Each structure stands twice: as structure tokens, then as C-alpha cells.
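Scroll down for the structure; my scribbles are underneath it.
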Amino acid sequence: MSREADGRPRWEARTDWGWFALTEAPIDVGTLSAFVTRPEVGAVNVFLGTVREWTRGRRTLYLVYEAYEAMALRLLQTLGEEVRREHPGARVAVHHRLGRLEIGEIAVAIAVGTPHRDAAYAGSRHIIERIKEMVPIWKKEFWEDGSFWVGDQLERIPYPDGRPPEGPEG
Amino acid sequence: MSREADGRPRWEARTDWGWFALTEAPIDVGTLSAFVTRPEVGAVNVFLGTVREWTRGRRTLYLVYEAYEAMALRLLQTLGEEVRREHPGARVAVHHRLGRLEIGEIAVAIAVGTPHRDAAYAGSRHIIERIKEMVPIWKKEFWEDGSFWVGDQLERIPYPDGRPPEGPEG
Amino acid sequence: MNGKNGGLDRSTVTVLLFAGLGEKVGRTLSWPWREGLTVAELLDELAARYPEVAVYRPTVMTAVNAAYRPVDHPLRPGDEVALIPPVSGG
Amino acid sequence: MNGKNGGLDRSTVTVLLFAGLGEKVGRTLSWPWREGLTVAELLDELAARYPEVAVYRPTVMTAVNAAYRPVDHPLRPGDEVALIPPVSGG
């Protein structure tokens with residue numbers, strides 16, 4: 001763990017082709033896309049997960065993300081390596097926010113740079129799907145009437161009844 | 001046609017959900033992704049086409065893009081409307097550079113914001129495919145030994161023999 | 001978007017050419033309009049005058065006043081006709 | 001990455017709990033290690049002590065020293081064992 005300039009915690013791993021981080025500081029899209037842009041790259045795909053205010057009629061006020069940081073960082077690197085195996089030469093950056101996030105903020109940014117666009121799209125899509133499947137990061141939603149750890153309803157599929165549970169966290 | 005702050009020409013159309021531009025000034029990714037991020041958006045997909053140095057062993061020094069600006073701008077808007085028809089509520093930004101571009105610069109940036117990620121990926125992919133198919137913008141590649149309008153070999157598929165023609169523009 | 005150019009006679013059409021074709025032939029031409037002139041006939045006339053237009057013709061798409069139009073589209077005086085070689089943006 | 005904590009007895013394992021489970025039970029526990037202890041047995045012991053662990057158990061994945069491991073994985077003293085509820089990052 002290191003610190004942002006303003007003292008907020010940051011977990012980070014950087015190689016010549018990959019850049020992975022968990023951070024409490026805002027994510028800058030341009031920095032990530034610049035990292036994956038190199039003379040051999042012709043296509044960059046960026047996926048951003050942003051904090052949505054409305055989910056099936058329910059208003060989110062803000063979110064808090066928590067992670068098993070050491071393991072999450074290691075797994076993000078593994079996902080980058082998976083993309084490199086599938087698309088040799090790909091460049092990959094994945095940054096995920098932790099702590100409190102307001103509506104509209106970027107929770108996760110994934111950038112993949114490759115010579116041609118098929119691989120850039122496939123690579124960024126692979127990473128977001130795998131993050132949602134197996135990277136130990138958790139989201140707590142805060143509503144006007146309570147809060148709720150997404151996934152905490154003890155089913156593997158959030159919102160099994162098609163919408164968040166009605167009550168506050170029990 | 002309007003002018004950038006530094007006097008470079010710019011063609012632009014902006015609505016409450018869409019932002020389309022042709023410009024000789026550098027493209028800022030963060031500005032585009034911010035435009036498509038709103039409280040109802042949870043997923044943003046950004047595609048960047050960047051200037052690649054090497055194409056099948058041949059070195060590009062720089063590129064020049066030319067457009068039929070009025071028509072290209074109108075068609076970019078049409079592509080945005082196509083995405084909106086398919087994914088109601090989507091927000092779309094598409095900016096394309098004109099003039100001379102150096103290696104690593106962004107030639108085109110497409111940002112699509114939607115509530116969920118399937119639509120964001122599908123929307124940005126649709127737009128880049130349609131740009132390459134029918135928007136009147138042309139790329140001239142400058143190599144160490146000559147220059148070449150891509151597509152100018154009078155086939156609909158560039159590089160029919162698997163690599164750019166050997167000679168300079170004839 | 002009518003392609004009307006204040007400096008041109010109203011009995012002409014404006015022809016726009018792009019990329020390699022524009023470099024070889026010129027980017028803008030003024031061409032005489034006549035009653036019943038179609039895009040195809042305009043292309044015939046241009047190809048007779050400019051060999052490069054004949055060479056490119058099998059691959060160009062055509063637009064009238066900034067919208068794709070088929071070659072049987074009839075032209076009006078002042079129209080802006082674009083010869084669109086295979087595009088390569090993105 | 002050994003999960004060794006200078007402040008802990010080497011005859012214990014460290015248990016990490018997250019999200020709702022961590023809020024209910026506590027985010028970090030120290031638990032006695034014994035020869036042959038597996039992840040499954042550790043979960044049995046924790047579930048006997050903490051009813052919430054029993055409730056969550058069908059949905060948690062387990063990691064040892066920051067890598068996913070099956071429940072028959074044998075533990076060594078000082079290991080860091082994480083109970084991973086369904087993730088919701090992204």
C-alpha cells in the first residue's frame with residue numbers, strides 16, 4: 001500500500017505492459033488510455049463503470065467500495081495476463097476505486113490497447129466480466145432509506161426478485 | 001464551421017444527448033467520457049482509433065485526414081441516432097480528427113453511455129464499424145518512401161494483397 | 001445545405017472530389033447543368049473530360065447536397081455533387 | 001503475502017471477513033491452528049461460534065494467502081484465510 005498525494009491509500013502494480021491499481025482517489029480516464037497507447041497500438045477500448053443514481057426506481061445516494069486489496073490487485077494482474085495470452089502485445093490498465101463514491105463517479109476503468117480493434121473490445125469486455133465474477137471487491141449501496149451490500153442477499157445473482165430488497169441492511 | 005481557441009477549424013453539432021465534431025485540434029478523452037456520463041448512466045464504452053506506427057512491417061511517419069465535412073458531421077449524428085433507436089436513453093459522443101496526425105495521436109474517439117454495459121459496448125462498436133464503412137473521411141499515410149490514400153487502390157477493401165502497395169502515390 | 005455557391009452561375013452544379021481523386025482532378029469543379037441531368041450522366045461527362053474519373057468511377061459512391069444518392073438521381077441547378085472514393089476514416 | 005502478522009501467535013491463523021459478513025462478525029479474527037486443520041474444518045469451527053458464518057457459508061468462496069483455494073486445502077500456522085462473499089465490484 002502506498003499513498004496518493006493527498007494521503008489517500010493506493011494499491012498499485014505496474015509493469016512495462018500493464019498498470020493495475022486500487023485507489024481511494026478519482027480515476028483519470030486520459031491517464032489510463034495514454035498508458036495503453038503506444039506506436040504499435042491502433043485501437044484502444046476503454047470501459048468505465050460509473051455510479052448510477054437510479055436502479056429500477058430506487059435512488060442511490062452514494063456507494064462505498066471495499067476490497068481484499070492484496071488479492072484483488074493480484075487478480076487484476078492475472079486478468080491482464082489472460083488478455084495478453086489471448087492477444088499478444090496487448091497493453092492493459094485497470095483501476096478500481098475504493099471508499100465512498102458519489103453519483104456519476106468512475107468506479108472502475110479498464111483500458112486495453114492492441115494493434116486492431118477486435119482484440120481491444122474483446123480484452124476490455126473479458127476483464128469487466130471477470131471482475132464482476134471473481135475479484136474480491138464489494139459494493140455497498142446507500143439509499144434514502146437504508147444501505148445494502150450488493151450480493152449480500154446470499155444468492156450468487158444480485159437482485160433475484162428483479163429489484164433491490166426493500167428494507168435497510170439488517 | 002467554427003474555430004478552436006487556437007484558430008484551427010472545427011465542425012460541431014451538439015444536442016442534449018449527443019456531441020459530434022470534426023476538428024483539427026487534439027481530442028481529449030476525458031471530455032468525451034464526461035459528456036456521456038450522467039446519473040442514469042452506469043456503463044461507458046470508449047473506442048479510440050490511434051495512429052499506429054507499423055503496419056505489416058511498413059513504418060508510418062504521420063497521417064493526414066480529409067473529410068467532406070458537412071456530410072461527415074451529418075452522418076455521425078445519424079449514427080448516434082441509430083444507437084439511440086437501438087438503446088433508448090443512450091448518450092453518444094463522436095469526435096474525429098482532421099489534418100495532420102502524429103504517431104500515437106487519437107484519430108477518432110467514440111463514447112457511449114448507457115445504464116448497462118451490453119448496450120455501451122454494442123453502441124460504440126456499431127459506430128466505429130459504420131464510420132469505416134460509410135462516413136466520408138479519408139486517411140493519407142505518409143511513409144519514409146512515399147504516401148498513399150488508404151482505399152485509393154480502387155478496391156473496396158484496403159490492402160487487397162495483405163499489405164500496403166510498395167510505391168509512392170502515383 | 002443546398003450547395004448553392006454565391007459565386008457560381010445558377011445553371012451549373014458544383015462537383016466535389018476527395019482524397020486521391022481530388023488531388024488528381026481538383027477538389028472542386030463547376031459543371032454545366034441541363035434539364036434532366038442525372039448523377040450518372042454527370043459522371044459520364046466528367047469521365048469523358050477527366051480520365052481519372054473514369055478510372056475511379058467503379059468505386060465511387062455519390063452524394064447530392066451532402067446525402068448519399070443513387071446515380072439515377074436528377075440534379076437541379078446549384079446542387080452540390082460529391083464523388084466519394086472508398087472511405088478510410090476511424 | 002504469507003499473511004504472517006507480527007503481532008499474532010504462530011499457532012494461529014488469521015481470518016478475514018468482508019462486506020456484510022465482515023460488518024456482522026468483525027473484519028479480522030485470530031483463530032487457533034492445529035495440525036491437519038483444513039479450510040472446511042476452520043469454517044465448521046467458525047460457524048459453530050458465529051451464526052452469521054453458518055448463514056453465509058453456502059455462498060462464500062475461500063482464499064488462503066490471497067489466492068482462491070478449495071475447502072480441503074490444509075492450513076499452516078500463520079496462514080491468512082479469507083471468506084469471500086459474492087463479489088460486486090465493477
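None of the values given here were measured: they were computed from a predicted structure. Within every chain, numbering begins at 1; the chains are lettered A, B, ... in the order of the sequence lines, protein sequences first and strands thereafter.
Interface remark: A:Y65 contributes side-chain atoms only to the contact with chain D (heavy atom separation under 4.5 Å). With a 4.5 Å cut-off on non-hydrogen atoms, D:R57 does not touch chain A at all. With a 4.5 Å cut-off on non-hydrogen atoms, A:I131 touches chain D through its backbone and its side chain both. When heavy atoms are compared at a cutoff of 4.5 Å, A:L63 does not approach chain D at all. Heavy atoms of A:A67 lying under 4.5 Å from chain D belong exclusively to its backbone.
A:M71 has its side chain within reach of D:I84: a pair of non-hydrogen atoms, C-beta onward, lies under 4.5 Å apart. At least one side-chain heavy atom of D:P85 sits under 4.5 Å from a side-chain heavy atom of A:W138. Residues D:L21 and A:W149 are not in side-chain contact: their nearest non-hydrogen atoms beyond the backbone lie 4.5 Å or more apart.
For A:Y68 (side chain) and D:L83 (main-chain N/O), no donor-acceptor pair under 3.5 Å exists by modelled atom type.
Annotation for A:H96 and D:G90: closest pair NE2-N, 2.9 Å, computed over non-hydrogen atoms. The shortest non-hydrogen separation linking D:M61 to A:E133 is CE-O, 4.4 Å.
Rounded to the nearest 0.5 angstrom, D:S88 OG and A:K140 NZ are separated by 11.5 Å.
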